[in-house]
Protein chains: 2
Amino acid sequence: MAICFINGNFNSASQCGIPVTDLVIQRGVGVFDSVRIYDGKAFALTAHMKRLEKSARLARIDVGDGAVIEKMTEVVREGAKRPDCPDGGNCIAKAYITGGDVVEHGQFPKPRHFVIFESGGNISTDDYKNGVALQPTDEGRPCPLTKSINYLVGLIQGSGRDDIYECLYCPDGKVTETLRSSFFICRDGKIITAPVGTVLEGVTRGIIIGLARENGFNVEERCPDVSELAKADEAFLTSSWREVLPVVRVGETAIGSGKPGPVAARLRQLFKANLDKWLDA
Amino acid sequence: MAICFINGNFNSASQCGIPVTDLVIQRGVGVFDSVRIYDGKAFALTAHMKRLEKSARLARIDVGDGAVIEKMTEVVREGAKRPDCPDGGNCIAKAYITGGDVVEHGQFPKPRHFVIFESGGNISTDDYKNGVALQPTDEGRPCPLTKSINYLVGLIQGSGRDDIYECLYCPDGKVTETLRSSFFICRDGKIITAPVGTVLEGVTRGIIIGLARENGFNVEERCPDVSELAKADEAFLTSSWREVLPVVRVGETAIGSGKPGPVAARLRQLFKANLDKWLDA
């Protein structure tokens, strides 16, 4: 059962609420970040919480001198070790900062914040074994450096079909990122992924790029053209929760052989082997 | 003070909350509609509640056979006449449907709903006398027929400057709508506004187009090119709360003489004169 830290206390998440006057409910003014918890230890905690702070500043939500971020970082650490942390401390901690009730000169000076610990989402061993399919959409994700809660359009684009894992944003014929993950293709001996700024600064993305380069892979940071999907040898996505997940189809286009490829498998293996480096003490 | 109807009761809005587990908070899954209340009477209530139902369906939020919409319609009527309705019954009623806690096959089968009655926003006599300025943005509003709560990008685009009323969406060089209103220009003896589908089906927009045509104006429904702004004689926006509000500048471009024009004034006068037609009994 999900637990939540709000207003200074941990509680069952279903008992925790936000007033209807908060702009997160009324106008989607809210940012968040997701931290994976492995056996009670947070993964890449500082990097995620720095990104949360950046998202808040870009969304003009006042986080002051960063004390709020420090406090939330401590809450993630504390919650991860609680006996009631979901799934024995193998879950997702999501830290939210809402717009609060007030807007002044286009700024949100009185945010609320909470951290919810809950079971991870829809991912199975089969997804790693068989790979997943994505639904391309012409839409882009506006303000890509801000991890805001405004997911509705992306959720609608990739939904209603059980064979689709999530949408792949392809604005103006360029492949950027998926609803919740960074996206990579392998082609002509290179790993290709969109540069930060056109996409969110994925924490796992950065770790995977580093591991790939250290291990002799050639990584190119540019947005692949949609037409390159048909020519790719393989594709995969990365995120804290998904680690490295093979993609075998985008819309009607099979990727490579239509089966998970060796690069994704190798990178996930490297990620697992090095995981300790990014786990909280 | 704002009041809210939720879970079967009216209360002070600050006492009403939504659980943090609701996808409206976690992922921006929510739709709403705003109904202006004049002296305890709702304006164009049925049209707004039909649009709310449409928004919910487009967002894949289950509203069943429409009984929820009927109930919310009754709540707007009832709240509008309460002694504690804000500003003596001259306010805005906002009806929300949230995604709830559950997503199944890309649908949201267990929504929550509430209606909040609050004071209207930032509009003054000076705004009508002097007109307002808009900030153009290259972004578009995705899924334009859905009035979702995903306003963050638009709020950021037009914010931080006290001289800017709100943003004007101009994707691909085409003028569509503003953050919260329909947008019109007057040029070469015509009134021009974007067609429904590229923009939200504005209720006041439809009423104003009808009044304009009945009174001998020529109305063309197409997206003006951004370059036409500099050539326009005047511009204005429409919404329930704003009625007909003159626009005198877009970015650095003065519209016409840089002062409110006669068409907007005439249309607002016609609107006021005919208002009773759309007021609830």
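In what follows, every chain begins at residue 1, and chains take the letters A, B, ... in the order their sequences are listed.
With a threshold of 4.5 angstrom between heavy atoms, B:I164 does not approach chain A through any atom at all. Contacts between B:Q15 and chain A at a heavy-atom distance below 4.5 Å are absent for every atom of the residue. Contact of B:I25 with chain A is made through backbone and side chain together, with heavy-atom distances under 4.5 Å. With a threshold of 4.5 angstrom between heavy atoms, B:Q26 approaches chain A through its backbone and through its side chain. Both the backbone and the side chain of B:R27 come within contact range of chain A, each with at least one heavy atom under 4.5 Å from a heavy atom of that chain. Residue A:I156 touches chain B through both its backbone and its side chain, counting heavy-atom pairs closer than 4.5 Å. Residue B:C16 touches chain A through both its backbone and its side chain, counting heavy-atom pairs closer than 4.5 Å. Using a 4.5 Å cut-off between heavy atoms, B:A13 touches chain A through backbone and side chain atoms alike.
When each of A:C143, A:G30, A:A59 is checked for heavy-atom pairs under 4.5 Å with chain B, A:A59 comes out on top. When each of A:I149, A:L23, A:V153 is scored by its heavy-atom pairs under 4.5 Å with chain B, the top score falls to A:I149. Taking B:P142, B:A2, B:G154 one by one and counting their heavy-atom pairs under 4.5 Å with chain A, the maximum is reached by B:P142. Your options are A:T21, A:V24, A:I6, A:I18, and the one with the most heavy-atom pairs under 4.5 Å with chain B is A:I18. The candidate with the highest count of non-hydrogen atom pairs below 4.5 Å against chain A, out of B:Q107, B:E104, B:H105, is B:H105.
Note that CD1 of B:I37 is 10.5 Å distant from CZ of B:R77, once rounded to the nearest 0.5 Å.
Counting only N and O atoms by type, the side chains of B:S227 and B:D225 include a donor and acceptor under 3.5 Å apart. No side-chain donor from either of B:S148 and B:T146 sits under 3.5 Å from a side-chain acceptor of the other.
Looking at heavy atoms from C-beta onward, B:S240 lies out of side-chain contact with B:V35 at the 4.5 angstrom threshold. Taking 4.5 Å as the limit, some side-chain heavy atom of B:H48 sits within range of a side-chain heavy atom of B:F43.
Ring geometry, A:F32 versus A:Y96: the interplanar angle falls under 30°, so the pair is classed parallel (tilted spans 30 to 60°).
A salt bridge is absent between A:E201 and A:R205: the closest approach of a Lys/Arg side-chain nitrogen to an acidic carboxylate oxygen does not fall below 4.0 angstrom. In this structure, A:D172 does not pair ionically with A:K174, as no charged nitrogen and carboxylate oxygen lie closer than 4.0 Å.
A donor-acceptor contact shorter than 3.5 Å is absent between the side chain of B:S34 and the backbone of B:K94.
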